[in-house]
Student: 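First, the structure itself, so that you have it in front of you.
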2 protein chains.
Amino acid sequence: MAVPTDAPARAKGRPRNAATDHAILEATRSLLAELGWGGLTMSHVAQRAGVAKTTLYRRWPSKNELVVDAVAVLFDDLEMTDLGSLRADIEAVVQRFAALLSRPETQAAMLALFAEGTRDPLLRGRIRESIVDPQKRLVHQGRANAQARGELPPDVDEATADQEVDIIFDTIAGAVEHRILVSGQPACEEWISRFTTLLLAPLAALSTGRP
Amino acid sequence: MAVPTDAPARAKGRPRNAATDHAILEATRSLLAELGWGGLTMSHVAQRAGVAKTTLYRRWPSKNELVVDAVAVLFDDLEMTDLGSLRADIEAVVQRFAALLSRPETQAAMLALFAEGTRDPLLRGRIRESIVDPQKRLVHQGRANAQARGELPPDVDEATADQEVDIIFDTIAGAVEHRILVSGQPACEEWISRFTTLLLAPLAALSTGRP
DNA sequence: TCTTTTCGCTACCAGACGTAGCGTATATGT
DNA sequence: ACATATACGCTACGTCTGGTAGCGAAAAGA
C-alpha cells in the first residue's frame, strides 16, 4: 500500500510529476483538518495543491479513495520495535501511536474517514486493508517477538492465536484512541505506563486458558 | 439538550405539531439505518415523516443538527447494573454498550459527531457532557458497587481513584468501540467474556500500587 | 522529429442542500 | 366573531459538489 496512485507504469510518454502526488495528499489532509469531510471539496483540494481538478481524477478514482490514501500515509511509519522486553515494546509503540493521534490534523482526518466509512462498505474495506490490518500486524509481530524471548507461551492453535491478537489489538488501539479522541486527554508517559501495567498482568495467562 | 427543536416559545399563533418532531426524528433514524448517512436525504426524510421539506428546516438548521438530535437520545438509557459481582456488571454494561454501537445509525452518527467535534470546541464540550461524562459515571458507580461488595479495595485517595476510573473507562469503552467501529467485528458474547477476563485480572492490584 | 502521455482549462450534467414566496390551516387574545 | 400571528404544505429556484468529456499545449522517450 504505497503512497500514490492509480497510474500505469509506462515509460513512454511524459511522466507524472511525483511532487504533485505529495502536494495533493498534503492539501487533502490540511483541508480535511480545517473544514471536515463536509467542507472538503475536490475543487478546493485542486486549488490548494496547485493542480487542475481533472488531475485529481486522473490519479484517484474518487474522493473517498483520495482521502483514504491521504490518511493511510500517516500510519506508514508505525513499526514494531524489538527492545528486549514486551513491556518496553508495548510502551514504545503506544507512545508513537499516541503521538500520531495527538496531531489535530490526524484526529480530524481519521475520524472523518471512519465516519464516512459507515456510509460506504467499499470504503470501509479500503480502510481495513490500508490502515487497520497493518496495525494489527504490528501486534502480531510484537507477540511473536515476545514468544521468541520466552515472555509468552507459544501458540497452541492458529485460530486462538488470531483471537488473542484481535483482542489485544482492540484493547490497545481502542484505549489509546478513546483516551485521546473521545476523552480528550493526553496519553502522557505516566498514563502509558499505567495502561501497560494493566495490560501486561493477564497477558501470559491469556493463551493458557481461563485463570 | 432536550430532544427537539430550534423553536421560539411563543404562545401566540398556531403551535407546532409536537408529533411532527417525533415523526421526523424517527424517520431520520430509520432511513439512517436503511441507507446510511450517504443515502439519507432531507427530501426523503420529509417524505417518510409525511411533512414538507421546508418544515425540516424550520425546526433544524441543517442536516447534521437533525441527525445529532435524532441519535443523541439513544445513549440515554445506558445504566449501571448491580448484579452482585463485578464480572457480571462489567459484562452486562459492555453487552448493552456493544448492542448500541452495533446499530448502523448509531455508528454513523457517533463517528460523524466526534469528527465534527474536532473542529468545533463548543460541540466537543456538548458531546463531553452529554455522552462521555455520563458513561464515565457508569464506571465510577460500578467501581463503587464492587468496593461495597469487597471485591475492590477502598479508595486511598480521590485523585488516584479518578485516575483509575479514567484508565478503566478508556480501556473498556475504547476496546468495545475499536472492536465494532474500527475492526468491524461483532462484540459477541464470547468476546465480551474474554475481554472481561483480560480486564479483571489486574483490577484489584491496580489501586494498591504497581505489582 | 514523431509519438505518447501528462496537464490545465472550460464546459457540462445530475443530484443534494437549503431558501423564497405564496396560500392555507390552526391556534390565541379581545 | 374577529384580528393576529404562527405553522404548514407546495412549487420553484439558486448554489454547490462530485464526477466526466473534449480540447490544446507541454514534456518526455524513441
Side-chain angles (χ1 to χ4, degrees), chain A residues 4-25 27-28 31-32 34-70 112-113 115-117 119-120 122-123 126, chain B residues 4-25 27-28 31-32 34-70 108-109 112 116:
Chain A
T5 76
D6 198 28
R10 317 282 167 69
K12 214 54 184 305
R14 171 179 176 179
R16 285 186 176 172
N17 187 347
T20 297
D21 269 340
H22 190 262
I24 292 173
L25 292 174
T28 303
L31 284 172
L32 203 52
E34 290 171 27
L35 309 172
W37 187 285
L40 181 75
T41 72
M42 296 298 262
S43 306
H44 209 156
V45 170
Q47 184 183 340
R48 177 164 298 190
V51 301
K53 196 175 67 164
T54 43
T55 297
L56 300 188
Y57 285 101
R58 286 193 191 98
R59 298 178 184 224
W60 287 273
S62 76
K63 177 180 172 181
N64 283 351
E65 304 283 331
L66 169 61
V67 176
V68 169
D69 276 359
L113 182 60
E116 192 66 16
R119 314 185 190 186
D120 184 349
L122 224 65
L123 177 60
R126 292 266 303 132
Chain B
T5 75
D6 197 27
R10 316 283 166 72
K12 217 51 184 308
R14 170 179 177 180
R16 286 185 175 172
N17 187 346
T20 298
D21 268 340
H22 190 261
I24 291 173
L25 292 174
T28 303
L31 282 171
L32 206 52
E34 290 172 26
L35 309 173
W37 191 300
L40 181 75
T41 72
M42 294 299 261
S43 305
H44 210 156
V45 170
Q47 183 183 340
R48 175 164 299 189
V51 300
K53 197 175 64 166
T54 43
T55 298
L56 300 188
Y57 286 102
R58 287 192 190 99
R59 300 178 183 223
W60 287 274
S62 77
K63 177 180 171 180
N64 282 346
E65 303 283 332
L66 169 62
V67 175
V68 167
D69 273 1
E116 206 64 16

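To find a chain, count down the sequence lines: A is the first, B the second, and so on, and within it residues start at 1. Scope of the values below: all heavy atoms of this structure, side chains included, with no hydrogens, waters or symmetry mates.
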Student: B:R16 side chain: which of D:dG19, D:dC8, C:dC9 is closest?
Tutor: D:dC8

Student: Where do A:L40 and A:K63 land on the side chain to side chain contact (heavy atoms under 4.5 Å, CB included) test, with the steps shown first?
Tutor: CA-CA 9 Å; A:L40 181 75; A:K63 177 180 172 181; 4.1 Å; yes

Student: Apply side-chain contact (heavy atoms from CB on, under 4.5 Å) to A:A52 and list each qualifying residue two or more places apart in sequence or on a separate chain.
Tutor: A:T54, A:T55

Student: If every non-hydrogen atom of A:A23 is compared with every non-hydrogen atom of A:A49, which pair is closest and at what distance?
Tutor: O-CB, 3.8 Å

Student: The helix from C:dT1-D:dA30 to C:dT30-D:dA1: angle between its terminal axes, five pairs each, to 10°?
Tutor: 20°

Student: Could you check how far CD of B:E65 sits from C1' of C:dC17, rounded to whole Å?
Tutor: 15 Å

Student: Under the side chain to side chain contact (heavy atoms under 4.5 Å, CB included) criterion, do B:L35 and B:T41 qualify, and how do the steps go?
Tutor: CA-CA 9 Å; B:L35 309 173; B:T41 72; over 6 Å; no

Student: Taking CZ from B:R59 and C1' from D:dA7, how many angstroms apart are they, rounded to a whole number?
Tutor: 8 Å

Student: Within a strict 4.5 Å, meaning less than it, do heavy atoms of the B:I24 and B:R59 side chains meet?
Tutor: yes

Student: Might you work through the salt bridge (Lys or Arg N to Asp or Glu O under 4.0 Å) test for A:D21 and A:R16, ending with a clear yes or no?
Tutor: CA-CA 9 Å; A:D21 269 340; A:R16 285 186 176 172; over 6 Å; no

Student: Between C:dA16 atom P and B:K63 atom NZ, what is the distance in whole Å?
Tutor: 9 Å

Student: When all nucleic acid strands are considered with a 4.0 Å heavy-atom cut-off, which category describes A:L40: base, sugar-phosphate, or nothing?
Tutor: sugar-phosphate

Student: Residues in side-chain hydrogen bond (donor to acceptor under 3.5 Å, both in side chains) with A:R14, at least two apart?
Tutor: none

Student: Quick one: B:L35 CG to C:dG15 P, roughly how many Å, whole number?
Tutor: 16 Å

Student: Could you go through the side chain to side chain contact (heavy atoms under 4.5 Å, CB included) check for B:L25 and B:W60 one step at a time?
Tutor: CA-CA 11 Å; B:L25 292 174; B:W60 287 274; 3.8 Å; yes

Student: For a quick test of reading the model, state the closest non-hydrogen atom pair linking A:S43 to A:K53 and the distance between them.
Tutor: OG-CD, 3.5 Å

Student: Roughly how far, to the nearest 0.5 Å, is the CZ atom of A:R126 from the CG atom of A:L113?
Tutor: 10.0 Å

Student: Counting heavy atoms from C-beta on, name the nucleotide in D:dG9, C:dT6, C:dG8 closest to the side chain of A:V51.
Tutor: C:dG8

Student: Nearest whole angstrom, please: distance from the P of C:dT6 to the CG of A:L56.
Tutor: 15 Å

Student: State which residues pass side-chain hydrogen bond (donor to acceptor under 3.5 Å, both in side chains) with B:E34; sequence neighbours excluded, sorted by chain then number.
Tutor: B:R48

Student: Whole angstroms only, please: what is the CH2-P distance between B:W60 and C:dC17?
Tutor: 16 Å

Student: Does C:dC7 have OP1 or OP2 under 4.0 Å away from a side-chain N or O of A:T55?
Tutor: no

Student: Can you list, in residue-number order, the parts of residues 42-50 of chain B that come under 4.0 Å of DNA chain D, counting heavy atoms only?
Tutor: B:G50

Student: Between the protein and nucleotides 20-28 of chain D, are there any N/O to N/O pairs under 3.5 Å, and if so, what are the atom names and distances?
Tutor:
| from | atom 1 | to | atom 2 | distance (Å) |
| --- | --- | --- | --- | --- |
| D:dA26 | N3 | A:R14 | NH1 | 3.2 |

